[in-house]
Amino acid sequence: MQQHGGGDASQRIARISAHLNPNKSQMEGNPNLERSNCRAKGGAPGFKVAILGAAGGIGQPLSMLMKMNPLVSVLHLYDVANTLGVTSDISHMDTSTVVRGFLGPQQLENALTGMDLVIIPAGVPRKPGMTRDDLFNINAGIVKTLCEGIAKCCPKAIVNLISNPVNSTVPIAAEVFKKAGTYDPRRLLGVTMLDVVRANTFVAEVLGLDPREVEVPVVGGHAGVTILPLLSQIKPPCSFTSEETAYLTSRIQNGGTEVVEAKAGAGSATLSMAYAAVKFADACLRGLRGDADVIKCAYVPSVVTELPFFASKVRLGRNGVEEIYPLGPVNEFERAGLEMAKKELAASIQKGISFANK
Ligand SMILES: NC(=O)c1ccc[n+]([C@@H]2O[C@H](COP(=O)([O-])OP(=O)(O)OC[C@H]3O[C@@H](n4cnc5c(N)ncnc54)[C@H](O)[C@@H]3O)[C@@H](O)[C@H]2O)c1
Ligand SMILES: O=C(O)C[C@H](O)C(=O)O
């Protein structure tokens with residue numbers, strides 16, 4: 001009788017036992033799964049995605065949600081700790097995405113080879129009283145090393161950088177790619193989607209709307225005053241009193257701190273961030289697939305202002321960022337905010353560039 005899956009009995013048993021022993025089967029090192037140019041079982045079409053920092057507070061829910069994304073055929077989970085358990089757990093979800101785990105620096109190259117999209121939430125989060133810039137000393141080195149791996153193993157991958165301080169880590173990544181000769185500014189995106197997600201939520205609360213109907217462009221960067229919501233450009237068009245504008249701008253700029261304080265030492269936003277990261281990664285994959293009109297905000301290499309990096313609305317396509325939209329008309333309040341944002345951004349960008357070149 002013909003059996004599903006094919007092969008003789010011993011092959012089938014080997015296959016099943018590999019599944020029953022996830023510590024072996026799902027981890028790099030098993031000869032059956034060792035090839036990092038792995039293909040989905042059954043040849044399901046889709047993209048290959050790696051998550052670096054996959055066992056962390058963001059990494060775990062992000063990995064779970066990416067396993068549910070039908071655009072993803074292969075999902076590589078990399079971390080320096082606990083990848084084994086997370087991979088085993090997520091691999092039991094009955095979606096078609098194939099999941100493989102990679103643990104520690106010696107497996108980074110295999111985790112990255114052949115990837116179309118690399119999402120990076122690796123690094124330490126804030127505790128109350130800290131700024132994102134206080135994370136620089138630890139996270140800058142982590143991002144640099146991971147980007148060196150990307151330059152070597154998947155130089156054409158789209159990179160979604162989440163690790164803070166994003167205003168500096170994206171310039172670090174750019175310098176690493178320049179040094180390696182692989183830099184393509186269209187493929188490097190700092191993830192600021194959580195600012196947009198928060199802005200949509202808070203604005204919808206004030207207006208009494210469904211957040212899914214609200215679209216607030218958030219430009220600039222991803223820290224404090226560099227987070228610049230353009231409430232004058234909100235869809236659907238609405239006007240705000242000056243009190244509402246001040247309240248909303250402050251709440252959006254301090255949304256991260258609000259969560260850090262509520263978690264009281266147990267980290268920063270993880271669940272809303274995973275949601276935002278998946279929303280953004282899905283947009284990148286739809287762009288790669290060739291979908292039209294995929295537009296999101298992201299912190300990207302840019303000439304929209306005199307700064308070399310700036311978060312803007314971008315159109316995503318087969319090569320990553322296909323178009324960066326100009327700021328559009330801003331009101332007086334936003335113009336003043338823009339000047340403050342640019343000043344802080346300039347320093348954060350320079351800090352990242354200097355670190356990468358020292
Ligand atoms: N861009 C944003 O909007 C945004 C939002 C929330 C958090 N963040 C940032 O994301 C980062 C991660 O936050 P978290 O809450 O998941 O932290 P976490 O500590 O829970 O998880 C971080 C993970 O990174 C791993 N890691 C550390 N060094 C690594 C390395 N060299 N290679 C691979 N993995 C490594 C850790 O083992 C851990 O599993 C922080 O820097 C945080 O500030 C950014
Ligand atoms: O606030 C943080 O430190 C994490 C993240 O940048 C956020 O905006 O939630």
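Remember, it's 1-based here, ligands and their atoms both numbered in the order they're listed.
The shell of residues lying under 4.0 angstrom from ligand 2, judged by heavy atoms, excludes V259. Every heavy atom of G267 sits 4.0 Å or more from the atoms of ligand 1.
The distance from ligand 1 to the heavy atoms of A269 drops below 4.0 Å at these ligand atoms: 6 (C), 7 (C). For ligand 1, the atoms lying closer than 4.0 Å to a non-hydrogen atom of V166 are 1 (N). Contact atoms of ligand 2 toward R126: 1 (O), 2 (C), 3 (O) (distance under 4.0 Å to a heavy atom of the residue). Residue-ligand proximity, Y78 to ligand 1, at heavy-atom distances under 4.0 Å covers atoms 32 (N), 33 (C). Those atoms of ligand 2 that come under 4.0 Å of a heavy atom in A269, given as number and element, are 9 (O). Listed by number with element, the atoms of ligand 2 under 4.0 Å from a non-hydrogen atom of G256 are 1 (O), 7 (C), 8 (O), 9 (O). Near G53, with a cut-off below 4.0 Å to any heavy atom, the atoms of ligand 1 are 24 (O), 34 (N). Heavy-atom contacts of A55 reach the following atoms of ligand 1: 39 (O) (cutoff under 4.0 Å). Remark: ligand 1 atoms within the under-4.0 Å shell around heavy atoms of T270 are 15 (O). Those atoms of ligand 1 that come under 4.0 Å of a heavy atom in N164, given as number and element, are 4 (C), 8 (N), 9 (C), 41 (O), 42 (C), 43 (O), 44 (C). Interface atoms of ligand 1 facing N139, defined by a heavy-atom separation under 4.0 Å, are 41 (O).
A perpendicular orientation is assigned to the rings of F136 and F355, their planes being inclined by more than 60° (bins at 30° and 60°).
Checking only distances, G56 does come within under 3.5 Å of ligand 1, N or O to N or O. Here's the thing with I162: one of its N/O atoms is less than 3.5 angstrom from an N/O atom of ligand 1. Any N or O atom pair closer than 3.5 Å counts here, and A81 shares no such pair with ligand 1. Between D195 and ligand 2, not a single N/O pair is under 3.5 Å apart. By the 3.5 Å distance cut-off applied to N or O atoms, G57 is counted among the residues near ligand 1. Remark: ligand 1 and L52 share no N or O pair separated by less than 3.5 Å (distance only, no angle test). For ligand 1, one of its N or O atoms has an N or O atom of V124 under 3.5 Å away. At under 3.5 Å, not a single nitrogen or oxygen of I142, backbone or side chain, sits near a nitrogen or oxygen of ligand 1.
The shortest contact between atom 5 (C) of ligand 1 and any protein heavy atom is with M273 SD, 3.1 Å. Summary of contacts: the protein heavy atom closest to atom 38 (C) of ligand 1 is D79 OD2, 3.7 Å. Protein heavy atom nearest atom 11 (C) of ligand 1, with residue, atom name and distance: P121 O, 3.6 Å. The single protein non-hydrogen atom nearest to atom 24 (O) of ligand 1 is G123 N, 3.3 Å, given as residue, atom name and distance.
Only the side chain of H222 comes within 4.0 Å of ligand 2, judged by heavy-atom distances. Residue contacts with ligand 1 for A122 involve both N, CA, C or O and side-chain atoms from C-beta outward (heavy atoms, distance under 4.0 Å). The part of R198 lying near ligand 2 is the side chain, judged by heavy-atom distances below 4.0 Å. Within the 4.0 Å heavy-atom criterion, the part of H222 lying near ligand 1 is the side chain and not the backbone. When heavy-atom distances to ligand 2 are checked against a 4.0 Å cut-off, V166 has no atom that comes that close, whether in backbone or side chain. Neither the backbone nor the side chain of T145 has any atom closer than 4.0 Å to an atom of ligand 1 (non-hydrogen atoms only).
Checking T95 against K67 by side-chain atom types alone, a donor-acceptor pair falls below 3.5 Å.
A salt bridge is defined here as a Lys NZ or Arg NE, NH1 or NH2 lying under 4.0 Å from an Asp or Glu carboxylate O, and R251 with E205 meets this definition. A salt bridge links K178 to E175: one of the charged nitrogens lies within less than 4.0 Å of a carboxylate oxygen. The residues D184 and K156 are annotated as not salt-bridged, no charged nitrogen and carboxylate oxygen being separated by less than 4.0 angstrom. E148 has a carboxylate O that lies under 4.0 Å from a charged side-chain N of K144, or vice versa, which qualifies the two as a salt bridge.
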Do K152 and T182 pass the side-chain hydrogen bond (donor to acceptor under 3.5 Å, both in side chains) test, and can you show the C-alpha distance, the side-chain angles, and the key distance before you say yes or no? CA-CA 9 Å; K152 186 169 176 198; T182 64; over 6 Å; no
Chi angles and distances behind the side-chain hydrogen bond (donor to acceptor under 3.5 Å, both in side chains) call for N139, T169: CA-CA 8 Å; N139 290 354; T169 52; over 6 Å; no
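When all heavy atoms of P171 and I353 are compared, the closest pair comes out as CB-CG1, 4.0 Å. The shortest non-hydrogen separation linking A55 to Q60 is O-NE2, 3.0 Å. Smallest separation of non-hydrogen atoms from S163 and A122: OG-O, 2.6 Å.
The aromatic ring centres of H222 and Y299 sit 6.0 Å or more apart.
Atom 4 (C) of ligand 2 has its nearest heavy-atom neighbour, among S268, A223, P165, in S268. When N167, I58, I51 are ranked by how near their heavy atoms come to atom 16 (O) of ligand 1, first place goes to I58.
Within a 6.0 Å radius of CD in E339, more than 12 heavy atoms belonging to other residues, nucleotides or ligands are found.
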